[in-house]
There are 4 protein chains.
Amino acid sequence: MTENDVLSSVKNQALIEKRRNQMIKGAITLFKEKGFHRTTTREIAKESGFSIGTLYEYIRTKEDVLFLVCDSIYEQVRKRLDAKINLEKPTIDNLLNVIRSYFELMDEMQEEVVIMYQEVKSLKKETKEYVLQKERDMVGMLEHVIVTCLPDQLSKKDAELIANNIFIQGQMWGYRRWMLQKHFTLEEYIEKQIYYFKQSLSISI
Amino acid sequence: MTENDVLSSVKNQALIEKRRNQMIKGAITLFKEKGFHRTTTREIAKESGFSIGTLYEYIRTKEDVLFLVCDSIYEQVRKRLDAKINLEKPTIDNLLNVIRSYFELMDEMQEEVVIMYQEVKSLKKETKEYVLQKERDMVGMLEHVIVTCLPDQLSKKDAELIANNIFIQGQMWGYRRWMLQKHFTLEEYIEKQIYYFKQSLSISI
Amino acid sequence: MTENDVLSSVKNQALIEKRRNQMIKGAITLFKEKGFHRTTTREIAKESGFSIGTLYEYIRTKEDVLFLVCDSIYEQVRKRLDAKINLEKPTIDNLLNVIRSYFELMDEMQEEVVIMYQEVKSLKKETKEYVLQKERDMVGMLEHVIVTCLPDQLSKKDAELIANNIFIQGQMWGYRRWMLQKHFTLEEYIEKQIYYFKQSLSISI
Amino acid sequence: MTENDVLSSVKNQALIEKRRNQMIKGAITLFKEKGFHRTTTREIAKESGFSIGTLYEYIRTKEDVLFLVCDSIYEQVRKRLDAKINLEKPTIDNLLNVIRSYFELMDEMQEEVVIMYQEVKSLKKETKEYVLQKERDMVGMLEHVIVTCLPDQLSKKDAELIANNIFIQGQMWGYRRWMLQKHFTLEEYIEKQIYYFKQSLSISI
DNA sequence: CATGAATGAGGCTTCATTCAT
DNA sequence: GATGAATGAAGCCTCATTCAT
């Protein structure tokens with residue numbers, strides 16, 4: 001199960017790509033506003049700029065749209081995070097910068113992250129597993145940076161836990177903005193989280 | 001907007017309480033399984049042990065059920081957490097015990113927490129605000145314990161951040177169990193989180 | 001089929017009378033506002049001052065209420081019209097006074113008349129026939145006055161037609177008030193109708 | 001609010017026209033039989049020859065059907081009446097012919113008129129106002145013919161009253177057929193009404 | 001007699017999906 | 001490839017009526 005497994009009756013691959021991107025963009029706009037369940041396929045078609053008939057030329061079920069959306073968001077996050085990671089200089093500063101970048105990324109993609117967070121559960125088992133694997137990969141990326149950049153050896157488990165903590169702290173910024181963003185600016189939030197992160201690993205300034 | 005604002009055409013208060021509890025119980029069972037949107041009112045009625053007509057004697061819309069469910073879960077968590085908090089001895093050990101209890105609570109109520117986490121968004125603005133206030137209250141409880149039990153003064157903001165971190169680490173245990181519970185037992189998870197919590201606040205053993 | 005054929009499980013006749021009067025009064029209030037179909041039996045019970053259970057002690061179906069209402073309105077109109085008719089002095093003036101009285105009555109009972117006009121059709125064949133007979137009787141009363149008070153002999157048919165014309169001119173005052181009552185006062189309406197009535201029968205002033 | 005304000009999700013105007021005509025025809029058949037409230041949307045769809053889903057492609061609520069039906073009936077009556085009116089020769093004979101035609105029209109459209117008479121009240125305020133305006137227009141047409149064709153000047157009010165009288169005498173023929181059509185043929189009814197009409201205006205033969 | 005909780009058939013409407021053009 | 005009209009299963013909710021207390 002990958003995004004290429006979403007069957008389309010159209011043959012022209014370039015067109016498929018183009019239409020799906022329109023569709024994903026349209027769907028995200030709508031999902032942000034009203035969630036997956038309250039958005040109709042007709043609305044998605046309209047927002048995407050084509051007819052309901054055309055929509056169904058590129059997907060088979062409404063769930064396919066959700067899958068494409070989730071997949072697309074994950075891919076975007078993953079790619080952008082990946083771009084920030086440079087392990088040639090495995091220093092603590094490098095690690096901290098990755099974490100900062102990750103938080104900033106989560107800020108920029110708040111709404112998308114919220115969609116994923118709330119709607120992934122509506123995917124059916126198989127596709128959900130595929131998407132969650134991407135999440136595991138991303139946590140794995142963080143974990144890898146942590147292990148690589150820290151001088152003291154952390155156990156695999158500790159690294160995993162810490163990676164998860166950072167991961168959800170990033171998501172929390174967007175997901176719980178109603179709670180946090182009234183009292184913190186992004187910079188404050190990042191610096192405080194970084195501070196406690198360093199403390200927790202006894203990293204001296 | 002409180003749970004008493006969900007209108008019922010039945011007058012007997014004790015009966016309302018009883019039926020609503022049946023309803024909440026039934027609904028939670030179903031929401032665990034298939035989520036709010038995929039559960040029908042008829043299924044809720046059936047699972048609750050009465051007819052669709054009776055269901056609607058105690059609520060007015062399907063969303064009322066969701067509200068009652070969310071409200072009930074929050075109340076339960078809040079009460080049980082409250083019971084664990086004893087500020088007569090504001091020691092660090094006491095604080096750590098509260099945190100441990102909170103994690104254990106989140107473990108016991110995993111499924112309920114997942115429901116809330118995913119479905120609160122389907123409430124309409126007004127009731128959502130009411131429910132989220134309960135979440136703020138709970139974070140506030142943690143924050144209060146932290147401030148009270150720590151010898152060194154933490155700023156309000158730092159306390160708030162830390163309380164939020166703990167709060168979501170608790171939720172994460174249930175919400176991301178597919179990621180965590182393969183590699184950690186509850187005890188491991190708790191002890192590691194407690195360990196890093198102490199580190200981050202420079203609390204010596 | 002008479003109003004005594006609406007079965008009641010209550011034995012006490014005086015009580016039946018009392019309750020039915022409450023019920024008719026309540027129902028008329030509601031029917032005026034929203035019509036028969038949009039009024040629920042619960043609303044009728046409430047407006048009548050007793051419970052839904054009690055309502056059903058005195059009727060068997062919702063349609064029974066409509067029947068009692070229609071029957072009651074007809075009876076009221078009939079009685080009040082009857083009271084105005086005095087055939088001891090069968091003069092033209094007497095006839096004109098009856099007609100005036102009838103128009104005034106229709107003005108006073110506008111709303112009730114509208115109910116009947118619109119809802120009788122919802123009665124089932126049998127009871128409708130019974131109610132319509134009352135209408136025939138009333139037209140018959142007018143017809144009788146006409147025949148009796150006019151010096152020149154009118155054929156039966158002509159009398160019937162004229163009685164019907166007057167009858168619906170009276171109803172029209174209430175039923176088409178949105179059209180008439182903007183431009184006419186009741187007095188104007190009556191005097192003009194009387195004027196043309198006299199003209200049509202070549203009655204000199 | 002006009003019949004074009006009934007929203008349809010179908011774009012092809014010709015098709016909308018066609019389907020709405022089917023729908024109106026089907027609905028009238030059913031409303032004649034059981035009235036608006038006792039007719040279900042599914043029955044309307046079936047009688048119209050398409051599925052319930054298709055029905056709702058052309059309307060938004062059941063009330064829309066009622067509106068279309070009422071509007072269509074009024075339009076038909078108005079057009080047919082209009083076609084009978086020829087004011088090039090504003091003679092009394094011409095006036096009498098218009099009245100005759102109107103009565104004949106009411107005879108042909110008895111059932112439709114009954115529907116309107118009984119169901120317009122179920123429209124909501126706004127659409128009801130629109131439909132009643134059409135009724136005012138029709139009465140206005142009669143009024144205009146009366147004023148134009150009569151040699152002696154009638155006051156505006158007198159013309160209005162007389163137009164209303166004729167208007168409801170026409171409706172009465174259908175609406176009170178249970179009373180009238182047992183004793184009168186249409187021709188008798190018309191001739192007698194015309195006779196009294198002439199009398200009332202002192203029109204000599 | 002009075003009450004009101006319980007029932008469930010049935011009504012209106014939505015919307016994912018198909019398919020002829 | 002694109003369109004959009006057609007479909008009907010299925011969802012939410014109402015309300016007349018019953019019956020145990």
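Chain identifiers are assigned alphabetically (A, B, ...) following the order of the sequence lines, protein sequences preceding nucleic acid strands; residue numbering begins at 1 within each chain.
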request  = Consider the side chain of A:Y56, meaning its heavy atoms from C-beta on, and name the nucleotide among F:dC12, E:dA5, E:dA16 that approaches it most closely.
outcome  = E:dA16
ask   = Counting side-chain heavy atoms from CB outward, which of E:dA16, F:dT17, F:dA6 is closest to A:T41?
value = E:dA16
key: Side chain of A:E57 - closest among E:dC1, E:dG8, F:dT3   = F:dT3
task = For the side chain of B:L15, starting at C-beta, report the closest nucleotide among E:dC1, E:dT13, E:dA5.
result = E:dA5
ask   = So, is B:T54 close to the E:dA5 phosphate, meaning a side-chain N or O under 4.0 Å from OP1 or OP2?
value = no
task = With heavy atoms under 4.0 Å as the rule, sort B:T39 into base, sugar-phosphate or nothing.
result = sugar-phosphate
inquiry  = What's the closest nucleotide to the side chain of D:F50 if the choices are F:dT3, F:dT7, E:dT7?
reply    = F:dT7
inquiry  = Pairing check on F:dA2: which nucleotide meets the Watson-Crick or G-U wobble criteria with it, both distances under 3.5 Å?
reply    = E:dT21
C:Y58 side chain, from C-beta outward: closest of E:dC1, E:dA5, F:dT7 = E:dC1
key: Candidates F:dC13, F:dA5, E:dT13 - which lies nearest the side chain of D:R42   = E:dT13
task = With C:Q22 as reference, evaluate C:R19, C:R20, C:K25 under the side chain to side chain donor-acceptor pair (under 3.5 Å) test and give the passing residue.
result = C:R19
request  = With the side chain of A:R19 defined as its heavy atoms from C-beta on, choose the nearest nucleotide among E:dC1, E:dG8, F:dA2.
outcome  = F:dA2
inquiry  = What's C:S9 touching, base or sugar-phosphate or nothing? Going by heavy atoms closer than 4.0 Å.
reply    = nothing
